[in-house]
Amino acid sequence: MPHRQKLLGLWLLLTGSSLFLGLLGGLWLDAQLEPQGHERLLLWIACLAAGTLLLLAGIPLEIRLFRPLRHLQVQLARLAANPDAQHDYPPEGWLVSLQPDLEKLRHGWRNDRALLSEARIQGAKDAARIRQELEALLQVLKVPLLLCDSHQRLLLFNPAAEHLFADNPALGLGRRLDELLPAPSLLDALQHLPKDGSSRQLLLPQNQRWFLCDLRRVIASQGEALITLEDATERQRNDLRWRKPLSSLLPALRGHAANLATAGEVLSSGNTSPDLNSRLQTAMHQDSQALSGLINELAQLLESLHLEQGRLSDTWSNDLWQALVPSLEPQQLTLTPIGIPVWLRADSPSLLALLQRLLGELKKATGHSNFEAEIQLGNNRVYLDLIWKGEPLSLTLLQEWQELTLTDEDLSPRLGDILRRHSSDWWSLADGDRTHARLRLPLPAAKRVYPPPPAVEARPEFHDFSIADLPAPTDELGQLRLDQLEMVVFDTETTGLELRKGDKVISVGACRLLKGRLLAQETFNQKVNPERPIPPASTRIHGLTDADVEKCPPLKVVLPRFREFVGNGILVAHNAAFDLLAINGEAEELGLKFNMPVLDTLLLSRGLDENLEGHGLDDLAERFGLSFPPGTRHTALGDARVTAELLLALLPRLEARGILTLNDALKLQNRMVEKS
């Protein structure tokens with residue numbers, strides 16, 4: 001059936017032509033025959049009959065046939081995408097007799113799906129139980145885990161791994177390991193793992209960090225490899241701190257010890273003169289003094305190593321208070337944190353134990369049980385203050401407290417040891433109000449500034465073992481089925497629509513599709529500073545103002561991270577030409593290449609339904625029953641999610657028309673471009 005516009009145009013052309021020719025013919029015959037009365041009326045009726053009949057016939061055809069056909073096509077498209085789709089376009093007009101057959105097809109399809117679903121549920125009960133146990137284990141396991149298949153695609157990772165790679169957009173199911181850890185030594189080790197499951201260890205440098213990797217092949221598998229990771233950066237730094245002084249101390253110790261041994265042998269032989277005896281005794285005295293000094297240095301080094309066994313790590317002060325306050329209840333102590341939270345460097349377990357013991361001693365010394373705690377930024381230090389109403393403590397008392405131990409055990413560290421572990425001391429001072437006093441502990445400051453990100457719900461997908469069944473990664477992407485592709489669906493928001501005249505990107509959003517499934521938590525969402533004002537007309541559409549993007553990174557910073565997120569996936573967008581134009585200019589200047597295949601849901605929809613009007617995102621969302629969550633329309637990530645759902649709705653219809661591979665879809669798009 002031709003396009004509705006063409007059909008309407010043809011009908012109007014034929015009707016108008018018939019009426020015009022009839023009018024001309026009537027005028028000519030009227031002039032030639034000069035009929036009178038009823039003859040003249042019959043003449044004009046005969047001349048205008050054809051055009052009038054065409055005009056009158058088109059209206060019922062539109063109402064009774066053409067419009068019902070369009071509605072039926074929409075309903076069949078919905079059913080092809082989802083048999084549970086709404087059916088607000090029942091057969092009408094001359095097609096109303098198809099209603100029972102259509103309902104029969106719908107109910108039959110639903111019943112078949114229900115039976116299939118029951119069979120799957122029944123057969124998967126044990127698998128579901130194992131899956132739940134595995135996910136529970138993954139949630140609590142503190143060791144970062146990665147599982148990859150024989151092609152180094154990620155099949156599994158746990159929350160600890162997600163935390164370790166929190167700033168790396170290349171972490172995701174189905175992503176290549178070399179995108180996450182681009183180290184040839186790691187890939188080479190994976191290819192040569194023993195088949196008996198024994199482990200191999202590898203120290204891997206990556207972005208100024210050191211990862212200790214334990215690699216092993218999973219026995220009775222198809223080549224999967226399990227990787228456990230440990231961030232050994234701090235350990236490496238600590239090792240360097242004692243290896244260097246030891247490397248200078250030990251040769252000196254050996255040298256002086258050898259001198260003493262040689263001098264002792266010569267003296268014990270008895271064949272020496274008094275002058276030689278005197279010189280040997282002087283040398284032995286000097287070597288003994290030097291040896292004593294070196295032994296003292298070695299003892300200090302060993303003591304400092306003992307104190308550094310608790311490693312300092314970045315600690316958010318609010319987390320410190322949340323852990324400390326409940327532990328004070330047995331001592332009937334109350335601690336109220338005040339001030340602005342900050343980051344500090346601390347050995348959290350030992351610092352918490354010190355504060356618990358210290359507050360107990362403060363209660364005895366001051367007679368108070370209610371204290372305030374405040375952390376303030378100093379000069380390269382952070383001051384932790386415990387505050388009470390009263391007088392400052394004496395220096396003598398504070399020195400006595402340094403000798404107190406945390407517990408009654410023999411090997412328990414002293415409070416002073418914990419202070420030295422943090423390169424700290426303490427003192428007491430009066431507040432400016434002459435009413436309060438405080439005990440101050442200077443602690444190392446952390447380089448981090450922004451608060452920790454808010455806790456998010458547990459992600460619904462940490463593993464997908466079916467990824468291992470996908471074809472091997474290949475350059476022949478065009479031969480792969482659409483449901484076997486890794487796709488990144490993206491959208492941009494801009495300052496305006498005239499990109500060639502200076503409009504810029506202000507937001508980039510993307511989500512990932514893998515094996516025909518939308519991965520809910522694998523998203524990219526970043527506002528961008530366009531470095532130019534946002535027009536009010538654009539703000540009315542997407543809601544973003546200059547203040548919203550003022551502190552955001554520019555596109556030249558965002559694009560490399562977005563390219564890492566895309567990885568080896570293909571791009572998908574709605575009206576992709578616009579979004580590609582928005583990012584490609586800056587990408588070329590940065591040397592980034594977005595040269596992967598691109599699917600455009602706008603062109604695919606036109607290719608499937610050439611005769612239907614309305615292929616905008618809103619029109620298609622309404623057609624296929626897709627909804628935008630409140631406040632997400634005209635946001636980059638919100639539009640990208642709906643575009644992904646739209647593509648999933650189009651895939652069954654593409655398959656029904658024999659469009660199975662990426663090449664098939666690209667050919668369909670090219671045909672639509674040529675027709676436009």
Side-chain angles (χ1 to χ4, degrees), residues 167-170 172 175-176 178-180 182 207 473-478 485-513 522-535 538 542 544 546 549-604 634-637 639-640 643-644 647 662-663 665-666 669-670 672-674 676:
D167 298 327
N168 195 325
R175 300 295 298 272
R176 296 288 300 276
D178 56 3
E179 299 173 31
L180 185 66
N207 294 334
T474 173
D475 293 333
E476 297 299 326
L477 282 175
L485 291 169
E486 178 189 356
M487 305 179 184
V488 174
V489 188
F490 82 107
D491 184 68
T492 61
E493 297 297 331
T494 60
T495 58
L497 302 179
E498 298 183 350
L499 297 175
R500 300 186 189 278
K501 295 183 179 180
D503 280 319
K504 300 292 184 180
V505 174
I506 56 174
S507 178
V508 180
C511 54
R512 192 179 304 281
L513 288 174
E522 293 193 15
T523 60
F524 184 92
N525 189 22
Q526 179 63 60
K527 295 176 184 175
V528 179
N529 187 344
E531 300 178 325
R532 59 160 291 177
I534 300 175
S538 297
H542 46 60
L544 294 177
D546 293 334
V549 299
E550 181 181 4
K551 297 182 179 179
C552 296
L555 189 60
K556 63 182 179 182
V557 175
V558 173
L559 269 186
R561 290 182 54 80
F562 178 58
R563 184 63 186 85
E564 289 181 17
F565 180 81
V566 174
N568 292 320
I570 70 167
L571 287 175
V572 181
H574 194 77
N575 191 14
F578 178 85
D579 297 296
L580 288 174
L581 180 62
I583 64 174
N584 270 337
E586 189 77 35
E588 291 176 1
E589 293 181 8
L590 296 172
L592 299 175
K593 293 184 179 180
F594 289 89
N595 54 358
M596 64 286 294
V598 179
L599 290 180
D600 189 339
T601 50
L602 174 64
L603 296 176
L604 293 176
H634 292 299
T635 65
L637 182 57
D639 287 358
T643 302
L647 179 63
L662 176 59
N663 275 344
L666 293 175
Q669 289 187 172
N670 290 336
M672 293 301 101
V673 172
E674 291 170 0
S676 60

Peer 1: What's the shortest heavy-atom distance between L666 and V598, and which atoms?
Peer 2: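 Residues L666 and V598, closest heavy atoms: CD2-O, 3.6 Å.
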
Peer 1: Check whether any side-chain heavy atom of L637 sits under 4.5 Å from a side-chain heavy atom of T523, and report yes or no.
Peer 2: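 Side-chain contact under 4.5 Å: yes.
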
Peer 1: Mind checking side chain to side chain contact (heavy atoms under 4.5 Å, CB included) for S538 and listing every partner two or more places apart, or none if nothing turns up?
Peer 2: I534, P535, H542

Peer 1: Enter the distance from T601:OG1 to H574:NE2 here, rounded to the nearest 0.5 Å.
Peer 2: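 Separation between the atoms: 5.0 Å.
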
Peer 1: Quick test of your reading: applying salt bridge (Lys or Arg N to Asp or Glu O under 4.0 Å), list the pairs with at least one residue in residues 501-513, sequence neighbours left out, ordered by first then second residue.
Peer 2: E486-R512, D503-R532, R512-E522

Peer 1: Name the one of L647, L662, V566 that satisfies side chain to side chain contact (heavy atoms under 4.5 Å, CB included) with M487?
Peer 2: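 It is L647; the other options fail the test.
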
Peer 1: Taking all atoms of both residues into account, what is the closest heavy-atom pair of L499 and G496, and its distance?
Peer 2: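 Of all heavy-atom pairs spanning L499 and G496, the closest is CD2-O, 4.2 Å.
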
Peer 1: To the nearest 0.5 Å, what is the distance between CG on N525 and SG on C511?
Peer 2: 10.5 Å

Peer 1: Work out which heavy atom in P597 is nearest to a heavy atom in I570; give both atom names and the distance.
Peer 2: O-CB, 3.5 Å

Peer 1: Who are the salt bridge (Lys or Arg N to Asp or Glu O under 4.0 Å) partners of D600, not counting sequence neighbours?
Peer 2: none

Peer 1: Which residue pairs pass the salt bridge (Lys or Arg N to Asp or Glu O under 4.0 Å) test when at least one of the two sits in residues 550-569, sequence neighbours left out?
Peer 2: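 Counting only pairs at least two positions apart or across chains, no salt bridge (Lys or Arg N to Asp or Glu O under 4.0 Å) contact touches residues 550-569.
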
Peer 1: I'd like to check the side chain to side chain contact (heavy atoms under 4.5 Å, CB included) partners of A665; sequence neighbours left out, ordered by chain and number.
Peer 2: L482, L599, L604, I659

Peer 1: Go through the structure and list residues passing side-chain hydrogen bond (donor to acceptor under 3.5 Å, both in side chains) with R175, not counting sequence neighbours.
Peer 2: E179

Peer 1: Just verifying a value: how many Å separate N568 CG and L485 CG, rounded to the nearest 0.5 Å?
Peer 2: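 Rounded to the nearest 0.5 Å, the CG-CG separation comes out at 12.0 Å.
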
Peer 1: Go through the structure and list residues passing side-chain hydrogen bond (donor to acceptor under 3.5 Å, both in side chains) with Q669, not counting sequence neighbours.
Peer 2: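 Partners of Q669 under the side-chain hydrogen bond (donor to acceptor under 3.5 Å, both in side chains) test: none.
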
Peer 1: Could you report the tightest heavy-atom contact between P533 and T495, atom names first, then the distance?
Peer 2: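 Looking at all heavy atoms of both residues, the closest pair is O-CG2, 4.3 Å.
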
Peer 1: Can you name the salt bridge (Lys or Arg N to Asp or Glu O under 4.0 Å) partners of D178, sequence neighbours left out?
Peer 2: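 Listed in chain order: R176.
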
Peer 1: Sequence neighbours left out, cut at 3.5 Å: what donor-acceptor pairs do the side chains of residues 578-594 make with other protein atoms?
Peer 2:
residue	atom	partner	partner atom	Å
D579	OD1	T492	N	3.2
D579	OD1	T492	OG1	2.7
N584	ND2	L580	O	3.3

Peer 1: Considering non-hydrogen atoms only, spot the tightest contact between P530 and V549 and give its length.
Peer 2: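 That would be CD-CG2, 3.7 Å.
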
Peer 1: Work out which heavy atom in A640 is nearest to a heavy atom in G509; give both atom names and the distance.
Peer 2: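 Answer, listing the atom of A640 first, then G509: CB-O, 3.9 Å.
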
Peer 1: Apply side-chain hydrogen bond (donor to acceptor under 3.5 Å, both in side chains) to N670 and list each qualifying residue two or more places apart in sequence or on a separate chain.
Peer 2: none

Peer 1: Quick one: CG on L602 to OG1 on T643, what's the gap to the nearest 0.5 Å?
Peer 2: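 It comes to 10.5 Å.
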
Peer 1: The criterion is side-chain hydrogen bond (donor to acceptor under 3.5 Å, both in side chains); which residues satisfy it with T494, sequence neighbours excluded?
Peer 2: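 T494 satisfies side-chain hydrogen bond (donor to acceptor under 3.5 Å, both in side chains) with no residue once adjacent residues are dropped.
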
Peer 1: Where the side chain of D639 meets the backbone of H634, is there a donor-acceptor pair that is under 3.5 Å apart?
Peer 2: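 Between the backbone of H634 and the side chain of D639 there is a qualifying donor-acceptor contact (under 3.5 Å).
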
Peer 1: Compute the ring centroids of F565 and F490, then answer whether they are less than 6.0 Å apart.
Peer 2: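 Centroid distance F565-F490: not below 6.0 Å, so no.
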
